[in-house]
There are 2 protein chains.
Amino acid sequence: MTTGADGRGLAGFARLLADPTRAGFCLALLDGRAWTAGELARAAGVAASTASGHLTRLVAGGLVVEERQGRHRYVRLADPGVAQLVEDLAARAPAPAAPPRTLRAASAGAALAYARTCYDHLAGRLGVLLHDALLDRGVLDRTGGLALTEAGMSWLDRLGVPVEPLRGTRRPLVRDCLDWTERRPHLAGAVGAALCGRFLDLGWTARGNGRAVRVTPAGRDALAEALGLDPVLLAAPATRVTGPARA
Amino acid sequence: MTTGADGRGLAGFARLLADPTRAGFCLALLDGRAWTAGELARAAGVAASTASGHLTRLVAGGLVVEERQGRHRYVRLADPGVAQLVEDLAARAPAPAAPPRTLRAASAGAALAYARTCYDHLAGRLGVLLHDALLDRGVLDRTGGLALTEAGMSWLDRLGVPVEPLRGTRRPLVRDCLDWTERRPHLAGAVGAALCGRFLDLGWTARGNGRAVRVTPAGRDALAEALGLDPVLLAAPATRVTGPARA
DNA sequence: CGGACCGTTCGGCGCGGCCCGAACCGTGCC
DNA sequence: GGCACGGTTCGGGCCGCGCCGAACGGTCCG
């Protein structure tokens, strides 16, 4: 019943994340997509055989689920709870001693700081902007905990995101998620995920490389309209020089 | 900024919990109290020298803070966030293969299943009962996320738990915490912690061994009154052999 | 002042697990 | 059919680290 009065269960579970390679896998999977075993191996810089073993352990431990298609082994985080766990742990982990910032990392960082997915919802400046706008519009309410208002439910409905189907799950409708780059909360939970998906479906946003997200030209005006914001606020990140990142 | 694109930071942090002894320390510290190094060593069944090294690592990693008094080294979890992290991880960890239930563990388990602290708030049947009663009384509201109502704030005020001082912190006022034994949510967050402390201050509850909590005779009537419940519901755990099967 | 007690440091031992390369299997494509 | 490719399995090497006991230092107390 209680999951082990001694620490063996907890330790065994934590050990899954206690290896740099496995931890790197999980961080990569935070983009919410399914990766193949080989992609993860290359991204982590280990041999395919090594990656294979790690994935088997992660699957056995319930952190990750796999789906075999032909000769590929697709793998993704088991559920949003796992994603949150990884985020929480990573947020507390001290930065690994003088991160060797390459130029590429820095410019990728700029795109990520502007907008990215946090597992399955929006993060970065865009995520925080969304969160703030929803508070301003009365979609969310914060007197005594974060909650979705009545007005918010019809707002979502008009956007094509009916709330009722989201209720069934054990997942909270709305939840705070502390933004790494902004150090302020953005919107997570079932509604946060549904909104992120809806924006992609509508073509208001599109995925960039990795976890990066960009706002499409059409999305810029539509989002501003829906949120009651000035479109200027949704301008792309500063590195306009090279044009928007490739889709 | 982002805490390490590679997994080294995360892995190093997770490794703190990846050892059964250190994990056991953290689980013990979930009672919210400060333990001495020796107490933890005995509880975990390791030599004092071993425990000393582990504690040094936990402190360096920020999971635990220490306070030296004379020849004692007192240690406790660094903050509620760490406690939540440990709880979340432990809840996901699979039970460690055939837990050797001793008689003593079983009877201690009964007390714990009735009422215990979950770091700094109430858990167990009592914690879930509290949570449900607060929903019934309209102190909490669950339409669209867990939130504290206006009525709830004045209810807390009458109880001697002013809400305003709780707002300053980054901690959410109210938060769900999944109960290990009941498999249903109980109340965590700043309000959950304040209530737990207030009940102890008022003498309505008292600490037992470890994380166990009991309701005092006076507290039984006072709690029932405050929550609008039948005092019978607050009866002690089933020393009464065939109590209702614990859900 | 001397003894009891708590905690730390150090040396040494042994296990576990992380890594790779090589060989093998199955799938998909030309 | 034959080749390219993704993934897995196996064996071997290596390093990290968790454990203990012994010795030492600091604190409290009689």
Side-chain angles (χ1 to χ4, degrees), chain A residues 6-29 33-61 63-76 93 96-97, chain B residues 6-29 33-61 63-76 93 96-97:
Chain A
D6 65 17
R8 281 178 298 175
L10 172 55
F13 188 72
R15 186 168 297 127
L16 292 174
L17 290 168
D19 171 82
T21 303
R22 285 193 299 270
F25 284 4
C26 292
L27 289 177
L29 291 169
R33 293 195 269 198
W35 293 50
T36 67
E39 284 169 345
L40 286 172
R42 281 188 296 276
V46 296
S49 58
T50 303
S52 175
H54 284 313
L55 287 180
T56 300
R57 287 188 61 176
L58 288 175
V59 169
L63 272 176
V64 148
V65 291
E66 67 182 12
E67 196 172 333
R68 311 242 177 181
Q69 271 181 28
R71 55 183 170 183
H72 292 282
R73 180 193 205 178
Y74 285 97
V75 74
R76 57 186 164 76
Chain B
D6 64 18
R8 282 179 296 175
L10 172 55
F13 188 72
R15 185 167 296 128
L16 292 174
L17 290 169
D19 171 81
T21 303
R22 284 194 299 269
F25 284 4
C26 291
L27 289 178
L29 290 169
R33 294 196 266 195
W35 293 51
T36 67
E39 284 170 346
L40 285 172
R42 280 188 296 276
V46 296
S49 58
T50 302
S52 175
H54 284 313
L55 288 179
T56 300
R57 287 187 63 174
L58 288 174
V59 169
L63 272 177
V64 147
V65 290
E66 68 183 11
E67 196 172 333
R68 311 243 177 180
Q69 271 181 28
R71 56 184 171 182
H72 293 283
R73 179 193 206 178
Y74 285 97
V75 73
R76 56 187 165 76

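Since we're looking at a predicted model, the values are computed, not measured. Residue numbering restarts at 1 for every chain, and letters A, B, ... go by the order of the sequence lines.
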Next item on the list: State which residue, out of B/Arg73, B/Arg22, B/Glu66, fulfils the side-chain contact (heavy atoms from CB on, under 4.5 Å) condition with B/Leu55.
Entry: B/Arg73
Send over the distance from [X] [atom1] to [N] [atom2], rounded to a whole Å.
X: B/Leu40; N: C/dT8; atom1: CG; atom2: P; answer: 11 Å
X: A/Leu55; N: C/dC18; atom1: CG; atom2: C1'; answer: 15 Å
X: B/Asp19; N: C/dG17; atom1: CG; atom2: P; answer: 12 Å
X: A/Glu67; N: D/dG7; atom1: CD; atom2: C1'; answer: 16 Å
X: B/Arg68; N: C/dG7; atom1: CZ; atom2: C1'; answer: 8 Å
X: B/Phe25; N: D/dC19; atom1: CZ; atom2: C1'; answer: 12 Å
X: B/His72; N: D/dT27; atom1: NE2; atom2: P; answer: 12 Å
X: A/Leu17; N: C/dG17; atom1: CG; atom2: C1'; answer: 16 Å

Item checked: Closest-nucleotide ordering on DNA chain C, the 5'-leading residue of B/Thr36 and A/Val46 -> B/Thr36
Item checked: Residue mapping more 5' on DNA chain C - nearest nucleotide basis, A/Pro20 or A/Gln69 -> A/Pro20
Quick check on [N]: is either OP1 or OP2 less than 4.0 Å from any side-chain nitrogen or oxygen of [X]?
X: B/Arg73; N: C/dC6; value: no
X: B/His54; N: D/dC19; value: yes
X: B/Thr21; N: D/dC19; value: yes

Check: With a 4.5 Å limit on heavy-atom distance, are the side chains of B/Leu63 and B/Leu17 in contact?
Finding: yes
Notebook entry, point to check: Using a cut-off of 4.0 Å on non-hydrogen atoms, how would the nucleic acid contact of B/Arg42 be classed: base, sugar-phosphate, or nothing?
Noted result: nothing
Between [options], which nucleotide has the shortest distance from any of its atoms to the side chain of [X]?
X: B/Arg15; options: D/dC17, D/dG7, D/dC19; answer: D/dC17
X: A/Arg71; options: C/dG7, C/dC19, C/dT27; answer: C/dT27
X: A/Ala48; options: D/dG18, C/dT9, D/dT8; answer: D/dT8
X: A/Thr50; options: C/dT9, C/dC19, C/dG7; answer: C/dC19

Notebook entry, point to check: Can you tell me how far the CG atom of A/Asp19 sits from the CZ atom of A/Arg57, to the nearest 0.5 Å?
Noted result: 8.0 Å
Checklist line | OH on A/Tyr74 to CD on A/Glu39, rounded to 0.5 Å | finding: 7.0 Å
Margin query: Between B/Arg15 (side chain only) and A/Ala18 (backbone N and O only), is there a donor and an acceptor less than 3.5 Å apart?
Written below: yes
Check: Could one point to a donor on the side chain of B/Ser49 or the base of D/dG21 with an acceptor on the other under 3.5 Å away?
Finding: yes
